[in-house]
*Asks:* 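Mind having a look at this structure? Questions to follow.
As the structure is a computational prediction, the values presented were derived from the model and not from experiment. Lettering follows sequence order; numbering is per chain, from 1.
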Amino acid sequence: MLIHLKVFRFDPQTEKAPHYDNFELQAEPTDRVLDLLEKVRNEHDASLGLRRSCAHGVCGSDAMRINGKNALACKKLVRDLNSDHITIEPLLGLKVIRDLIVDMKPFFEHYESLLPYLINEEPLPTDGKERIQTEEQVLRYEDTTKCILCAACTTSCPSFWADGKYIGPAAIVNAHRFVFDSRDRAAAKRLKILNQQFGVWRCRTAFNCTEACPREIKITQAIAEVKRAITTGKLD
Amino acid sequence: MSYLKTTLTGYAGYRGREGHWAFLLHRVTGLGVLLFLAIHIIDTSFVYFAPHLYDEVIQLYRSTIFGLGEIGLVFCLFYHGANGLRIAYLDKFAPKDWTIEKTRRSAKIALIVALVMWVPAAGWMGYNILHHNYGLFGG
Amino acid sequence: MTTTTQPPAPRRVDVPKNFETVAWNMMRYSAFLLIPLAWGHLILQDIIVGVHSIDLDYVAMRWDLLAWRIYDILLLAFAFAHGMNGVRQVLRDYIHSPKAFTVVSYLLLIAWFLISAMGAIAIIAGTRPA
Amino acid sequence: MSNIHEFDVVVVGGGGAGLMAAWYASKSVRTAVISKLYPIRSHTGAAQGGIGAALGNYEEDHPEWHTFDTIKGSDYLGDQDAISFMCEEAVQAVYDLEHMGLPFNRTPEGRIAQRPFGGHTNNASGKPVRRSCYAADRTGHMILQTLYQQCIKNKNIFFDEYQVMDLLIVDGAVAGVVAVEMATGELHTFRSKAVIFATGGHGRIWEITSNAYAYTGDGPAILARRGIPMEDMEFFQFHPTGIYKLGILITEAVRGEGGILFNNKGERFMEKYAPRIKDLASRDVVSRAMYLETRAGNDVNGQRFFNLDVRPETVNKYAEIDGRTRPDGSAYQVTAAEIMSKIPDIADFCLTYLGVDPTKQPIPVQPTAHYAMGGIPTNKYGQVVIDEKNTVLPGLYAAGECACVSVHGANRLGTNSLVDLVVFGKHAGINAAEFAKGADLKPLPEDPTGEVMRQIEALHAGSGKERAAALGKEMRVEMFDHVGVFRTDEGLQHAVAKVQELRERFKQVRVADSGKVFNMEMLQTWELGNMLDLALVTAQSALARTESRGAHARDDFPQRDDATWLKHTLAWLDGEQVRLGYKPVVVTQYQPKERTY
Ligand SMILES: Cc1cc2nc3c(=O)[nH]c(=O)nc-3n(C[C@H](O)[C@H](O)[C@H](O)COP(=O)(O)OP(=O)(O)OC[C@H]3O[C@@H](n4cnc5c(N)ncnc54)[C@H](O)[C@@H]3O)c2cc1C
Ligand code: HEM
Ligand code: SF4
Ligand code: F3S
Ligand code: FES
């Protein structure tokens, strides 16, 4: 089928303002949007800037706006879009560096500010083996371990668009992953940070994050659980 | 980058679903109701502070323009209430139900509840305006 | 295999509450209260009675009943506080300078206090003849 | 020259191996990680099935058994001292990962859960053993995340989206690396006492591949151009179960959980090729079986694919036939929900890319280029060795898929790459730090960035008659057809000639984009150059090896030939030519035997 592809372009070295380029491509319904962009780079315009690596939705490189909605280009097939007009734009709310490449630094800073690592200074089991954790205890936080830090969620959040200081769903998801891990001992610290003005209360349950997450993480649910943990002090 | 531009592009251009629209509508209706409420408290307080003005103000409320605004207000409060109840209930009693299917459904239900309450109310209020202001329906 | 794993002890944390926590909770609790209060008021006054039937005498008549005054006081307290905190939260999304936001918050607080006071005085003192 | 940085240890690559190395090195010396991708985008995150370690959480198991399975899996080409070291260390490494917070699945007792995997056996009974420690089907993702998290905790220094393009060697020792900062196009020189390469694989040389776009073999190619030989490059693993046409990997764990392969006649063909462990035979065996089935016309619809069936009814039927049991001795029977819970991501891939629900329909699969057994020669301390006598190049280390220790020999067992990463990543880090403590920074060469500038200029100076995209495609097709699962003298000759031709034509390519900010066109064209270099080395090494061993299967030499070929290939890239040499395999206790499953 013939696809009309409209791609956001911006080269700060030569342009003051962004523009859109149009391409017409032959494509299969089962092609990934990433395949289309690669085709553009291979056959039309090699200068198109984008990030990508794994090509099957596990590395988190190629989150972008596809027909107005955040998704991984390698996980959206042409047939999923139900349209032969496809518009590709960079993520919203992060500075565009070039074409579809945005500045991820603020995103990672938010992530790091929530101590996204296991903290437990208690002595390890004396037999030198693993800490015991039941299957149910793993299930308690397993969903949020799936995050690939693609930023599709945070950049779809109205609160984040309005104010980039909002820590954002991705950071909360990664805090959740440790707050509810029975082996971790620093839940109080993280929750205290999340209890600030730029923290979890900025979430207005707009739900774009959950709709956008390519890993199908129940983000809004995770955020609600964090809010509950802060207000009730309960962690299970 | 200007936050305002990003924000507006996102609000209007992002293809969000039920949750996105519920958020926008909840915010707009909340602000609308608040604006009305602030005015309403002040004018009602005239019954004590400036009783001679009160009936004049009420007269203003009876105008067609205000009447239509009032119909809008009723929608705003119905929607904001229904959707707010949804949010408060999920947050406080059923955080596990913040899932895609359930959220899409509950957001739709909130809108439908608001409309179901509003349509007859709007009809009745519209009737009252036509009746009192234009003498229709045998007024 | 007969190993029994003991059910893990419930985990608890103590997060110091701050204004944000209280405000968030308050928004939800007032939400539950506002359904009967605000909807009730709206349905009664704007739909059933209608502005065309409302005047000083009507208000006076209604406030003759103490219950209505209590109802209105509660409505005033919860709805207006809820709404003013609502705008505060909304404005925080759009005002990025912490200083400006502090100023705005205080302005909102003053407005909330003044307007609430006006309403409260009227409800308590009741109508005066024109 | 303003962009000069100084460190004790520089790690090139932020995948599993790189992060592990950095974590340990940074405990004692100033360490930086340079990575062309954000570390969490590394391909370690794609690893699905699990990490092998003889924890014995369900049943008897020993590191020695793991050692033997690995040696046998390697078709006896692996160095046995290194393998034994790795399998012993694996146990502690897995516990270390757990202590770092890795969310493993658990046994009912709350210990780390394990599942069977291809080639891992109980040495006494020959039956599959549960050795692969897993976190659903995203074990690699969890390893990568956990290590990255620990590096954040540790406040490690990262240079994200910096692509290393050259290694500086002064007086036969390492002086540092040169990298381009992708966001600005500026060159940076990193002086350091030791450099650890952990740049991953180069599977993008082949057409159907499970590998990421980033898998272009930068590390090995940079070293090859600096005169360091590549070891055993002819051994490249083709994983039998890639999604048809796309190459996306369907982990062996699917067969571990009971999935069965069928040909167009509905036959479970692996019975013929591996009567004892059937579908769980090691990868080279299964891929080759598929090739032979295809040649016999048994592929589905004549389209060179087979059906991988994990529908519960199929799993249960064959589990009964095989007499498979659960750890408590009860019969192995599963439900669709259990299967989904064990392989959620795989199910998601199938639904997304094929529209197939694996609990209702079989998955179409074909062999896909997967893993480089060969690469930068190192010893078990992670030190790079540069000749037949294993001479060490002071300060240079390598670990992970880009390195060849060699623990995988001619064929890697499933789960052993992750073991390799954590064990040798750790030891490379520790040893590099030790070395750096006793060493001084070397003086920089006259013009440290000169070589890189020359390469970049050349990319912009071509005539423009050839297009990089087209050359890349020709290379991938050629390699898949002639340097794939089965090889012949004729095909390999053809491939060598073709790649040489492509290298010649590559000089005519011109990068049009002269910008500096994220000039992906320039960087990716440079990467194509790397791939062409490694393709040539691979094809030449394969052409010379006139036997079949592990992943290197020659139609014209179907037997393993221990008398002549029980040795590692070393291939030097001398300009346009490849020079071959050989070094012996370390055999300690297990004499080569015929390999059957
Ligand atoms: C789909 C799939 C499934 C797999 N499943 C399993 C499994 O179940 N069990 C198992 O044991 N193994 C598995 N493997 C193999 C294993 O995952 C890889 O071999 C291993 O992760 C490689 O790790 P690494 O650290 O060497 O490289 P990577 O994790 O790929 O890291 C390479 C790093 O080098 C950086 N880099 C590369 N070039 C440059 C440059 N020029 N300059 C700067 N930085 C550079 C990259 O940015 C990246 O950070 C699987 C592989 C694939 C593809
Ligand atoms: C009828 C009953 C009402 C209910 C159930 C209700 C519920 C809620 C809830 C739960 C919120 C929080 C939303 C969030 O944080 O995501 C909220 C916000 C708000 N409410 Fe109400 N409310 C009601 C009436 C009112 C009234 C009468 C006003 C006006 C005075 C009002 C004004 C606001 C405003 C301005 C906000 C902020 C909106 C935002 O953050 O976008 N609400 N309401
Ligand atoms: S939560 Fe989902 S959308 Fe957000 S960063 Fe993680 S994977 Fe991406
Ligand atoms: S989109 Fe934003 S408002 Fe909350 S539910 Fe998601 S973080
Ligand atoms: S390229 Fe890795 S997620 Fe799309």
Side-chain angles (χ1 to χ4, degrees), chain B residues 3-4 7 26-27 30-31 33-42 44-56 58-63 66-67 70-71 73-74 76-78 80-89 91-93 117 120-122 124-125 127-129 131-133, chain C residues 24-25 27-32 34-39 41-43 45-60 63 72 75-76 79-80 82-87 89-91 93-94 96 111-112 114-130:
Chain B
Y3 274 121
L4 191 63
T7 309
H26 190 79
R27 177 158 284 190
L31 293 174
V33 173
L34 180 68
L35 181 68
F36 171 83
L37 180 65
I39 299 170
H40 183 53
I41 295 173
I42 295 173
T44 302
S45 71
F46 283 8
V47 297
Y48 174 77
F49 292 106
H52 52 287
L53 286 179
Y54 185 73
D55 278 336
E56 272 174 53
I58 284 291
Q59 209 50 48
L60 201 63
Y61 275 96
R62 290 176 184 160
S63 69
F66 267 72
E70 197 188 10
I71 294 179
L73 168 79
V74 169
C76 285
L77 193 63
F78 280 165
H80 185 92
N83 191 54
L85 192 64
R86 171 182 81 99
I87 294 174
Y89 170 74
D91 276 350
K92 281 276 150 199
F93 299 108
M117 291 173 66
W124 172 243
M125 292 167 78
Y127 166 80
N128 269 339
I129 297 173
H131 180 73
H132 289 284
N133 294 5
Chain C
W24 185 81
N25 266 326
M27 291 303 272
R28 325 276 125 177
Y29 293 134
S30 58
F32 295 118
L34 283 173
I35 288 290
L37 290 174
W39 277 12
H41 179 83
L42 187 83
I43 291 169
Q45 306 296 79
D46 295 56
I47 302 170
I48 297 177
V49 178
V51 276
H52 294 273
S53 317
I54 292 178
D55 55 19
L56 256 187
D57 295 341
Y58 171 82
V59 178
W63 282 353
D72 283 0
L75 175 61
L76 171 71
F80 201 54
H82 171 103
M84 286 307 258
N85 184 51
V87 249
Q89 292 180 356
V90 171
L91 288 176
D93 274 1
Y94 307 117
H96 296 132
W112 170 77
L114 288 180
I115 297 177
S116 296
M118 279 174 79
I121 291 169
I123 297 171
I124 292 164
T127 55
R128 290 192 301 174

*Asks:* Would you mind telling me which of B:L85, B:N128, B:I129 has the largest number of heavy-atom pairs within less than 4.5 Å of chain C?
*Replies:*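 Result: the option with the highest number of such pairs is B:L85.
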
*Asks:* Less than 4.5 Å to any heavy atom of chain B: does that hold for the side chain of C:I43, its backbone, both, or neither?
*Replies:*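 The side chain, not the backbone.
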
*Asks:* Does any backbone or side-chain atom of C:M27 lie under 4.5 Å from a heavy atom of chain B? Answer side chain, backbone, both or neither.
*Replies:*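 For C:M27, there is no contact with chain B at all, as no heavy atom is under 4.5 Å.
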
*Asks:* Name the region of C:I115, side chain, backbone, both or neither, that has any atom closer than 4.5 Å to a heavy atom of chain B.
*Replies:*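 Backbone plus side chain of C:I115, per the 4.5 Å heavy-atom cut-off to chain B.
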
*Asks:* Which bit of B:I58 comes within less than 4.5 Å of chain C, counting heavy atoms only: side chain, backbone, both or neither?
*Replies:*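 It is the side chain, since no backbone atom gets that close.
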
*Asks:* B:F78 versus chain C, heavy atoms under 4.5 Å apart: side chain, backbone, both or neither?
*Replies:*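 Its backbone and side chain both get close to chain C.
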
*Asks:* Please give me the minimum heavy-atom distance between C:R128 and B:F49, naming the atom from each residue.
*Replies:*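 So the minimum-distance heavy-atom pair works out to NH2-O, 3.4 Å.
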
*Asks:* How long is the gap from NE2 on C:H41 to CG on C:L75, to the nearest 0.5 Å?
*Replies:*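 If we round to the nearest 0.5 Å, C:H41:NE2 and C:L75:CG are 6.0 Å apart.
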
*Asks:* Do you know which of C:N25, C:V87, C:V90 has the most heavy-atom pairs with chain B at a distance under 4.5 angstrom?
*Replies:*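 Of the candidates given, the most pairs with chain B belong to C:V90.
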
*Asks:* Side chain, backbone, both or neither: which part of C:W24 has a non-hydrogen atom closer than 4.5 Å to chain B?
*Replies:*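 The side chain, not the backbone.
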
*Asks:* Roughly how far, to the nearest 0.5 Å, is the CD1 atom of B:I87 from the NE2 atom of B:H26?
*Replies:*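 Those atoms lie 4.5 Å apart.
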
*Asks:* Between B:K92, B:Q59, B:H52, which has the largest tally of heavy atom pairs under 4.5 Å with chain C?
*Replies:*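 With the most close heavy-atom pairs to chain C, the winner is B:K92.
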
*Asks:* For the residue pair C:A31 and B:A88, what are the closest heavy atoms and their distance?
*Replies:*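 Distance-wise, the nearest heavy atoms are CB-CB, 4.0 Å.
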
*Asks:* Is it the side chain or the backbone of C:S30 that comes within 4.5 Å of chain B heavy atoms, both, or neither?
*Replies:*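 Neither the backbone nor the side chain of C:S30 comes within 4.5 Å of chain B.
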
*Asks:* For B:N133 versus B:S63, what's the shortest heavy-atom pair and its separation?
*Replies:*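 Heavy atoms of B:N133 and B:S63 come nearest at ND2-C, 3.7 Å.
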
*Asks:* For the interface with chain B, which of C:I48, C:D93, C:I123 has the highest count of heavy-atom pairs at distances below 4.5 Å?
*Replies:*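 Of the options given, most contacts go to C:D93.
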
*Asks:* Tell me, for B:Y127 versus chain C, whether the close heavy atoms (under 4.5 Å) come from the side chain, the backbone, both or neither.
*Replies:*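 Neither part, no heavy atoms under 4.5 Å.
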
*Asks:* I need the minimum non-hydrogen distance between C:V49 and C:S53, along with the two atoms involved.
*Replies:*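 The answer is O-OG, 3.2 Å.
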
*Asks:* For chain B, which of C:I35, C:D55, C:L42 has the most heavy-atom pairs under 4.5 Å?
*Replies:*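 Counting heavy-atom pairs under 4.5 Å, the top option is C:L42.
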
*Asks:* Anything under 30° is parallel, anything over 60° is perpendicular, the rest tilted; go ahead and classify B:Y61 against B:F66.
*Replies:*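 Plane angle over 60°, so perpendicular.
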
*Asks:* With a 4.5 angstrom heavy-atom cut-off, could you sort out which part of B:A82 is near chain C: side chain, backbone, both or neither?
*Replies:*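 Answer is both: backbone and side chain atoms of B:A82 are under 4.5 Å from chain C.
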
*Asks:* Rounded to the nearest 0.5 Å, how far does CG of B:L37 lie from CG of C:L76?
*Replies:*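 Going from the CG atom of C:L76 to the CG atom of B:L37 covers 7.5 Å.
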
*Asks:* How close do C:I47 and B:W124 get, counting heavy atoms only, and between which atoms?
*Replies:*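 Minimum heavy-atom contact is O-NE1, 2.7 Å.
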
*Asks:* Under 4.5 Å, counting heavy-atom pairs only, tell me which of C:H96, C:M84, C:H82 racks up the most with chain B.
*Replies:*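 With the most close heavy-atom pairs to chain B, the winner is C:H96.
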
*Asks:* Looking only at heavy atoms and a cut-off of under 4.5 Å, which of B:M117, B:H40, B:H80 has the most pairs with chain C?
*Replies:*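 Heavy-atom pairs under 4.5 Å are most numerous for B:M117.
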
*Asks:* Chain B heavy atoms under 4.5 Å from C:L34: which part of the residue, side chain, backbone, both or neither?
*Replies:*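 Neither part.
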
*Asks:* With heavy-atom distances below 4.5 Å as the criterion, would you say the side chains of B:L34 and C:F80 are in contact?
*Replies:*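 In short, these two side chains touch, coming nearer than 4.5 Å.
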
*Asks:* Side-chain donor-acceptor pair under 3.5 Å between C:N85 and C:W112, yes or no?
*Replies:*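 No pair is found: no donor N or O on one side chain lies under 3.5 Å from an acceptor on the other.
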
*Asks:* C:V59 versus chain B, heavy atoms under 4.5 Å apart: side chain, backbone, both or neither?
*Replies:*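 Side chain of C:V59 only, per the 4.5 Å heavy-atom cut-off to chain B.
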
*Asks:* Can you check whether C:T127's main-chain N or O pairs, donor with acceptor, with C:W63's side chain at less than 3.5 Å?
*Replies:*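 No, the answer is negative, given that no donor and acceptor are paired below the 3.5 Å cut-off.
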
*Asks:* Under a 4.5 Å heavy-atom cutoff, which of B:T44, B:V74, B:L53, B:I71 has the most pairs with chain C?
*Replies:*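 Maximum pair count with chain C is reached by B:V74.
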
*Asks:* Hey, what do you get for CZ (B:F36) to CD (B:E70), rounding to the nearest 0.5 Å?
*Replies:*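 Atom-to-atom, B:F36:CZ and B:E70:CD are 6.5 Å apart.
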
*Asks:* Specify which of B:P51, B:G81, B:A121 makes the most heavy-atom pairs with chain C at under 4.5 Å.
*Replies:*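 Looking at each of B:P51, B:G81, B:A121 in turn, B:P51 comes out on top.
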
*Asks:* Let me see the working for C:Q45 and C:Y58 under side-chain contact (heavy atoms from CB on, under 4.5 Å), right down to the final yes or no.
*Replies:* CA-CA 11 Å; C:Q45 306 296 79; C:Y58 171 82; 3.0 Å; yes

*Asks:* Which bit of B:Y54 comes within less than 4.5 Å of chain C, counting heavy atoms only: side chain, backbone, both or neither?
*Replies:*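 Just the side chain, heavy atoms under 4.5 Å.
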
*Asks:* Considering only heavy atoms and a distance below 4.5 Å, find which of C:Q89, C:R28, C:H52 pairs most often with chain B.
*Replies:*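 Highest number of pairs under 4.5 Å: C:H52.
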
*Asks:* Counting only non-hydrogen atoms closer than 4.5 Å, does B:R62 touch chain C with its backbone (N, CA, C, O), its side chain (CB onward), both, or neither?
*Replies:*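 Interface part for B:R62: both.
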
